[in-house]
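The structure appears below as structure tokens.
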Amino acid sequence: MASFSTAQPLSLPRHPTFSNPNQPTANNDRSSHTISLIDRCSNLRQLKQIHAQMVRTGLFSDPYSASKLFAISALSHFASLDYACKVFDQIPQPNSFTWNTLIRAYASGPDPLRSISVFLDMVSDSRFGPNKYTFPFLIKAAAEVSSLSLGQSLHGMAVKSAVGCDVFVANSLIHCYFSCGDLDSACKVFTTIQEKDVVSWNSMITGFVQKGSPDKALELFKKMESEDVKASHVTMVGVLSACAKTRNLEFGRREDAKRLFDKMEERDNVTWTTMLDGYAILEDYEAAREVLNSMPKKDIVAWNALISAYEQNGKPNEALLVFHELQLQKNIKLNQITLVSTLSACAQVGALELGRWIHSYIKKHGIRLNFYVTSALIHMYSKCGDLEKAREVFSSVERRDVFVWSAMIGGLAMHGCGNEALDMFYKMQEANVKPNGVTFTNVFCACSHSGLVDEAELLFKEMESSYGIVPQEKHYACIVDVLGRSGYLEKAVKFIEAMPIPPSANDGAHVLLSNIYAKSGKWESVSELRKHMRVTGLKKEPGCSSIEIDGTIHEFLSGDNEHPMCEKVYGKLNEVMESLKANGYEPEMSQVLQIIDEEEMKEQSLNLHSEKLAICYGLISTEAPKAIRVIKNLGYSGNGKNHHQPMSARCVLPSSN
DNA sequence: GGCGGACTAC
């Protein structure tokens, strides 16, 4: 049995006599020997050795052998598109299989549309037309780029080429129509398939799950069972995720998911991770953790699922703990998704040191700053108080999408650079990037912090008419905030009363509304609203401030007695308050009007705001002139995920004395 | 001569 070693060159038959018609048996032997070697290659270096030998022995001019080498170079786990192209160019007369292989490689590569150019080359340069193998790859490319028109053209061509009824072609069309959002066409294709196979069903089930109709997915699954089609593990991934996503409709389905999972014959990392994610969606972190622990081979995707579940559900500290645990694992490489989720968790608690560590990790490992990573870095630096670093990241990238621009606008907004944020908003449009709902939230937030009332009102009017974005509740809340903060209380109340959408279960907006009623003396409205909040179970999210000292995050709630050093913290607070009063500080009593809750009233009068506690902890734990950065959890700026994002991050005070 | 489709995490 031939085997590879890194020390020894490969040994292949040496006689360059491939085309000698007198030795057919020897040639066939040589060819099949080489092909078996190709199949057992485990890295590019070995493959290149075989390639070299094949050229030397003349075996490369055999189209069949050459196509085998090419297929491995283009599709194996160590494939290299660059190298594969070179191999392809050396093949004198590529056959249909070879063309299809190249198209396939491009379709699942970073630039799927290149498979379309290869297809055009094939049609014009070779005698081969597309066949039933070609279309699924091309249609996959159309799905990757979500191009409905391309999908439709390919659909038409497939029908003309008489392969429209091929189940592989039809299944790829279902997938394509789903990813282009044309659900009707997907269903139409599905109904026309004569002999549906398990993949046809899977494409429909996962399509519905991904397009937000988990109920339809479960319905289809039942139909599939009634038609005696045996489910595969991919079916289960779709069904498990549908079960998790319908949690609000029927809690019992979670048990369905568990039963399904337990009786599954084939479990791979995807199924495990889906199960993990299902528990995480239900916020049953213990169960999610148990799934991770039971996984035979934990991969980075599973770790990411747990980290991002914590991060997205407002549990950034837990996310960071899991990340630290992940760092201790050997042989698991962090990827861009790990970094994005962790950076977002850093931003939520103000973990600047860890955020910096991740940034240097990115640089050290040459990880590409894609749009997600870039936005996450800008967001993290802004929230953690280092606006300059955020700007640096922003300037360092050549291409910026709407999220990158929005993150920078949001960063400027939370640092009070309203005019600059507006400039950025116009520059973004000069760069031909269309703003989205998140952009507007951040722009309004900038206006709010800088008192740019006219600008905000104008943009709010233009938002739908000129930009085609229907204002959401959070945008209305932003405008109320802009008006309220600038003292236009009557206007704010009128604005709220004229809102076309009712304020829904949004605690922040209720408090805001209540504050506005209170400021304008509408005490009756205040008590009505408070009753409404009590009845509907709404509570104001408690304000929480955090500060990072030597890489550890310390959190403070208002009136907090939990911190081990709280006595010293309160001592410092008294000292600061005395010193402030001695220097002529008088508390702004009109602010008390804003307070709607007795508890808060008490806290306010006793100076127990969480920010003050965090600042005082910073004062006793650091030496001047180190900056003290305090992060607050409440606010309206953000990425649209929720409204509990930290809003301000600033250098508050230099250490005193 | 042989090839292919559907699934998890930002």
Side-chain angles (χ1 to χ4, degrees), chain A residues 28 31-32 35 39 62-65 67-68 70-71 74-75 95-105 107-108 131-140 143 163 166-176 178-179 186 190 193 196-210 217 231-242 244 266-278 280-281 291-292 295 299-312 334-345 370-376 379 403 639 641:
Chain A
N28 284 343
S31 170
S32 59
I35 286 167
D39 284 338
D62 166 39
Y64 185 74
S65 308
S67 73
K68 279 285 174 197
F70 169 66
L75 302 174
N95 59 24
S96 177
F97 168 75
T98 314
W99 279 105
N100 285 344
T101 305
L102 187 62
I103 289 171
R104 178 185 170 195
S108 43
N131 59 20
K132 64 174 185 170
Y133 295 108
T134 325
F135 281 108
F137 305 136
L138 296 171
I139 295 167
K140 188 193 164 99
V163 294
D166 179 85
V167 70
F168 283 85
V169 175
N171 291 347
S172 59
L173 280 169
I174 292 174
H175 173 67
C176 179
F178 264 113
S179 58
F190 181 69
I193 304 175
K196 299 176 183 62
D197 66 7
V198 63
V199 178
S200 318
W201 289 93
N202 291 348
S203 305
M204 293 296 289
I205 290 172
T206 48
F208 276 124
V209 172
Q210 287 171 353
S232 71
H233 78 288
V234 177
T235 322
M236 292 311 167
V237 169
V239 174
L240 290 173
S241 94
E266 201 182 346
R267 289 185 197 167
D268 61 6
N269 270 12
V270 178
T271 350
W272 282 99
T273 308
T274 308
M275 197 64 209
L276 191 165
D277 196 49
I281 287 177
V291 174
L292 181 71
M295 281 177 74
D299 64 4
I300 189 63
V301 184
W303 284 96
N304 289 348
L306 193 58
I307 293 174
S308 77
Y310 277 128
E311 178 265 308
Q312 303 236 310
L334 312 182
N335 66 15
Q336 291 178 328
I337 292 165
T338 326
L339 302 175
V340 169
S341 306
T342 310
L343 282 170
S344 177
N370 66 12
F371 293 143
Y372 284 115
V373 177
T374 310
S375 314
H379 189 61
F403 290 98
N639 50 18
K641 268 188 264 174

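A note on names: the letters A, B, ... follow the listed sequences, proteins ahead of strands, and every chain is numbered from 1. All values below come from the heavy atoms of this structure, side chains included, with hydrogens, waters and symmetry mates left out. All values derive from a computational prediction rather than experimental measurement.
Legend: residues meeting ring-ring contact (aromatic ring centres under 6.0 Å, His included) with A:F178, ordered by chain and number and at least two apart, are A:F208. Judged as a side chain to side chain contact (heavy atoms under 4.5 Å, CB included), and not counting sequence neighbours, the contacts of A:S232 are A:V198, A:N202, A:V234, A:T235.
Using a 4.0 Å heavy-atom criterion, one finds that A:S232 contacts the bases of the nucleic acid, with or without backbone contacts as well. Among the protein residues, A:F135 comes within range of no part of the nucleic acid, since none of its heavy atoms lies under 4.0 Å from any strand. Within the 4.0 angstrom heavy-atom criterion, only backbone atoms of the sugar-phosphate kind lie near A:T274; the bases stay farther away. Residue A:N370 is out of contact with every strand shown, counting any heavy-atom pair closer than 4.0 Å. Heavy atoms of A:T101 sit nowhere under 4.0 angstrom from any nucleic acid atom. Counting any heavy atom pair closer than 4.0 Å across all strands shown, A:V373 reaches no nucleic acid atom. In this structure, A:D299 reaches neither bases nor backbone, as no heavy-atom distance under 4.0 Å exists between it and the strands shown. Nucleic acid contact for A:S67: base, since at least one base atom lies under 4.0 Å from a heavy atom of the residue.
Considering only side-chain atoms of A:V199, the nucleotide from B:dA6, B:dG2, B:dG4 that sits closest is B:dA6. With B:dA6, B:dC10, B:dC3 as the choices, the nucleotide that has an atom nearest any side-chain atom of A:T206 turns out to be B:dA6. Side-chain proximity of A:Y64 to B:dG2, B:dA6, B:dC10: nearest is B:dG2. Closest to the side chain of A:D166, from the set B:dC10, B:dG4, B:dA6, is B:dG4. The side chain of A:K68 lies closest to B:dG2, out of B:dA9, B:dA6, B:dG2. Minimum atom distance to the side chain of A:D277 is reached by B:dA9, of the listed B:dC7, B:dG4, B:dA9. If you check B:dC7, B:dG2, B:dG4 against the side chain of A:V270, the one that comes closest is B:dC7. Listed candidates were B:dC10, B:dG2, B:dA9. Nearest to the side chain of A:S341 is B:dC10. Taking the side chain of A:I337 as heavy atoms from C-beta on, and the options B:dG4, B:dC10, B:dA6, the nearest nucleotide is B:dC10. With B:dC10, B:dG2, B:dG4 as the choices, the nucleotide that has an atom nearest any side-chain atom of A:R104 turns out to be B:dG4.
Note that OG1 of A:T338 and CD1 of A:I300 are 3.5 Å apart. Values are rounded to the nearest 0.5 Å. A distance of 12.0 Å separates CG in A:L240 from CH2 in A:W272, rounded to the nearest 0.5 Å. Rounding to the nearest 0.5 Å places CG of A:L334 at 11.0 Å from OG of A:S341.
The interatomic distance linking A:N131 (CG) with B:dG2 (P) rounds to 13 Å, in whole Å. Atoms NE2 (A:H379) and P (B:dC10) sit 15 Å apart, rounded to a whole Å. Rounded to an integer number of Å, the gap from A:F168 CZ to B:dC3 C1' is 10 Å. The separation between A:I103 atom CD1 and B:dG2 atom C1' is 16 Å, rounded to whole Å. As a whole-Å value, the separation of A:W272 CH2 from B:dA9 P is 18 Å. Protein atom CZ of A:F208 is 15 Å distant from nucleotide atom C1' of B:dA6, rounded to whole Å. In this structure, A:N100 places its CG atom 12 Å from P of B:dC3, rounding to the nearest Å. Regarding A:M204, its CE atom lies at a distance of 14 Å from the P atom of B:dC7, rounded to whole Å.
Close to B:dA9, at under 4.0 Å from its OP1 or OP2, lies no side-chain N or O of A:Q336. Put simply, A:K140 has a side-chain N or O that comes within less than 4.0 Å of OP1 or OP2 on B:dA6.
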Verdict with reasoning, A:D268 to A:T271, per side chain to side chain donor-acceptor pair (under 3.5 Å): CA-CA 5 Å; A:D268 61 6; A:T271 350; 2.5 Å; yes

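Contact annotation: side chain of A:N95 to base of B:dG2, donor-acceptor pair present below 3.5 Å.
Residues A:T134 and A:N131 bring a donor and an acceptor atom of their side chains to less than 3.5 Å of each other.
A stacked arrangement is not assigned to A:Y133 and the six-membered base ring of B:dG4, the conditions of a centre distance below 5.5 Å and an interplanar angle below 30° not being jointly met.
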